[in-house]
Colleague: 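Have a look at this one.
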Protein chains: 2
Amino acid sequence: MPGEMMIRRLRVNSKLSEDDVSALRSLRVQVKEFPEETVVVREGERATHCGVILSGFAYRAKVAENGKRQILSFHPAGDMPDLQGLFLDRMDHDLVTLSRARIGFIEHRSIHQLIEAQPSIAQALWRETLVDAAVFREWIVSLGTRTAAGRMAHLIAELRQRLTAMGLAADDEFEFPITQSRLAEALGLSAVHVNRVLQSFRAEGVLDIQKNMVKLSDIAKLVEIGGFSDTYLHQQ
Amino acid sequence: MPGEMMIRRLRVNSKLSEDDVSALRSLRVQVKEFPEETVVVREGERATHCGVILSGFAYRAKVAENGKRQILSFHPAGDMPDLQGLFLDRMDHDLVTLSRARIGFIEHRSIHQLIEAQPSIAQALWRETLVDAAVFREWIVSLGTRTAAGRMAHLIAELRQRLTAMGLAADDEFEFPITQSRLAEALGLSAVHVNRVLQSFRAEGVLDIQKNMVKLSDIAKLVEIGGFSDTYLHQQ
DNA sequence: CGATTTGTTGACTAATATCAAACTGTGTGG
DNA sequence: CCACACAGTTTGATATTAGTCAACAAATCG
């Protein structure tokens, strides 16, 4: 039931009627499995499908002219990271798997039909893209105003919040198969500096990342260091 | 005719039919004038209207927990900077005038009616919010990977491109009433450093900012320093 | 015209990057 | 099972970028 993940996810930000749910269930979803660190859709391509992450993690990234890569967002199960493709004809960034991941693909054509027939679903999807943009805004605030430790803490706190909403995080830990150099690409830091920040978090009992798991020792401290407040996520 | 500005703007990214245009013309727009540096909508508020910048400039900004303010985007005439308010109930950032500005306000209710009756307009507005997000993504790349000079150059090159699309820029100059400390807030730099970057641009014949005008001396160099490519703007 | 904001300069400091090397863990083929 | 390769992490030394502070100059405004 690949549609279920999508329904669960849309319910985080929108109310869905019975009709909406059954319409979503009727979507044809083509499931593919990808190994870790595999490009799913590449910048410049014309996308014909929308992807739903069914298991594992993906991220979006863009390569700057100087060769540095910037990670734009992380996507756990439930996320639909390329909804923008419904109305923008070319990808302006890559979609890449972080871990091994199953991704469900839905044809643009069927989504277009669906949202024409069912405006409430159009609204839910539109809202998804708006929340996506709100997360980008907060990411800009992080990069522009926060210290290295603040950015790191904010990222982890945000992930925890989003995973919790999907029932994918325990109280004090969650799965997140990330390397330090990818964290560096996300936070606009060097891998060496990321390493040092993580060491300081370990030493001060904030968190630890070991073997694909983020272990949180002091969530209050994490939230404070990152200046995290969940309002920008617009969860109901 | 306050609707005309909006129509001109939507045509940058979308095709509009005759019906679309006349429907847009029939929207009731309430025009208000604001002095410079005035908060139009504040973070946390529940917006009831969408704004269209009719003249002047506005920007969106967010204050981080540490008191630093991050400017998220600049908005020249034509832009509708708070479209997200149609589906997100509270503002997650401020909308502020940069210069004296006239802003047209349209009730959410009438836009909701319009997009229900005319799906092609819904698509055009949705696409606007998606391009807005694409610009945020590029802003993230700037903050995460580019040097101070690169960020500055990229911002100016982007603005030039967007203003040109609206017919608001001459070949080698455009109006942009910005102070160095606001540039600093946008680029995640200190005002002193912005000053030094601008001096180097002047010295090397790239550009000069004087009296509300950006004067471009060498656009090719500007584009190169900023690593600017316009594809992410998704203009047709 | 004084008052205030904006821009400029120099000296010094802090944050983070870079480079290079060593260390750790994990999986693979012999 | 071992040896090796490889990717990821850790460490130390040094370099660079940008921030801070403080003073002053220039422009703008009422």
Side-chain angles (χ1 to χ4, degrees), chain A residues 35-38 57 64 66-71 96-100 142-155 176-203 207-215 225-226, chain B residues 35-38 57 64 66-71 96-100 142-155 176-203 207-215 225-226:
Chain A
E36 65 177 4
E37 199 64 17
T38 308
F57 284 81
N66 54 27
K68 287 189 193 165
R69 193 170 69 150
Q70 177 67 39
I71 292 181
V96 190
T97 57
L98 181 59
S99 60
R100 190 145 69 91
S142 253
L143 291 170
T145 71
R146 296 194 174 103
T147 64
R151 289 181 221 176
M152 173 80 74
H154 193 279
L155 169 61
F176 186 46
I178 192 83
T179 65
Q180 294 182 0
S181 66
R182 267 174 228 141
L183 273 176
E185 288 176 319
L187 301 173
L189 300 169
S190 69
V192 172
H193 201 63
V194 163
N195 181 275
R196 285 171 178 147
V197 170
L198 285 177
Q199 283 182 59
S200 83
F201 278 5
R202 244 176 264 144
L207 63 80
D208 196 0
I209 301 184
Q210 26 178 265
K211 276 192 35 88
N212 302 347
M213 296 293 288
V214 175
K215 312 245 179 191
I225 295 172
Chain B
E36 65 177 3
E37 200 63 16
T38 308
F57 285 81
N66 54 26
K68 287 189 194 165
R69 192 170 71 150
Q70 176 67 38
I71 291 181
V96 190
T97 56
L98 181 60
S99 60
R100 189 146 70 91
S142 252
L143 291 170
T145 71
R146 297 196 175 101
T147 63
R151 288 181 221 176
M152 173 79 75
H154 193 280
L155 170 61
F176 186 47
I178 191 83
T179 65
Q180 294 184 358
S181 67
R182 267 173 230 141
L183 272 177
E185 288 177 319
L187 301 172
L189 299 169
S190 69
V192 171
H193 202 63
V194 164
N195 180 277
R196 285 171 179 149
V197 170
L198 285 178
Q199 283 182 59
S200 82
F201 278 5
R202 244 177 263 144
L207 63 79
D208 196 0
I209 302 182
Q210 27 178 267
K211 279 201 13 107
N212 301 347
M213 296 294 288
V214 176
K215 311 246 179 192
I225 295 172

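The sequence lines fix the lettering, A, B, ..., with proteins before strands; numbering per chain opens at 1. Heavy atoms only: backbone and side chains are in, while hydrogens, waters and symmetry mates are out. On a predicted model such as this, the values are computed, not experimentally measured, just so you know.
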Colleague: Please check the phosphate of dT9(D) (OP1 and OP2 only) for any side-chain N or O of R202(A) closer than 4.0 Å.
Modeller: no
Colleague: Got Q70(B) and L143(B) here, is their nearest side-chain heavy-atom distance under 4.5 Å?
Modeller: yes
Colleague: So do the side chains of V197(A) and L183(A) get within less than 4.5 Å of each other, counting heavy atoms only?
Modeller: no
Colleague: Atom CD1 of I209(A) and atom C1' of dT10(D): how far apart are they, to the nearest Å?
Modeller: 15 Å
Colleague: Please list, for nucleotides 3-6 of chain C, all pairs of protein and nucleotide N/O atoms separated by less than 3.5 Å.
Modeller:
none

Colleague: Could you tell me how far apart L189(B) (CG) and dT20(D) (P) are, to the nearest whole angstrom?
Modeller: 11 Å
Colleague: Measure the spacing between NE2 of H193(A) and CG of L198(A) and express it to the nearest 0.5 Å.
Modeller: 10.5 Å
Colleague: Measuring from atom CG of N212(B) to atom CZ of F176(B), what distance do you get when rounded to the nearest 0.5 angstrom?
Modeller: 10.5 Å
Colleague: Round to the nearest Å and state the distance from M152(B) atom CE to dA18(D) atom P.
Modeller: 11 Å
Colleague: Roughly how far, to the nearest 0.5 Å, is CZ of R196(A) from CD of Q199(A)?
Modeller: 8.0 Å
Colleague: Grab the CD-P distance between E37(B) and dT28(D) for me, whole Å please.
Modeller: 17 Å
Colleague: Rounded to whole angstrom units, what separation is found between the CG atom of L143(A) and the P atom of dA18(D)?
Modeller: 14 Å
Colleague: Look only at the side chain of S142(B) and the backbone of R151(B), and say whether a donor-acceptor pair between them is shorter than 3.5 Å.
Modeller: no
Colleague: Distance from R146(A) atom CZ to M152(A) atom CE, nearest 0.5 Å?
Modeller: 14.0 Å
Colleague: Under 4.0 Å between a side-chain N or O of Q199(B) and OP1 or OP2 of dT9(C)?
Modeller: yes
Colleague: When you measure from every atom of DNA chain D, which of residues 191-198 of chain B have a heavy atom less than 4.0 Å away?
Modeller: V192(B), H193(B), R196(B)
Colleague: Mind checking the CD1-CG spacing from I225(B) to L207(B)? Nearest 0.5 Å is all I need.
Modeller: 8.0 Å
Colleague: Tell me whether the count of non-hydrogen atoms from other residues, nucleotides or ligands lying under 6.0 Å of CZ in R202(B) goes above 12.
Modeller: yes
Colleague: In whole Å, I'd like the distance from the CG atom of N66(B) to the P atom of dG19(D).
Modeller: 13 Å
Colleague: How many Å lie between CD on E36(B) and P on dT28(D), as a whole number?
Modeller: 12 Å
Colleague: Take atom CG of N212(B) and atom P of dA27(D), then tell me their distance rounded to the nearest Å.
Modeller: 14 Å
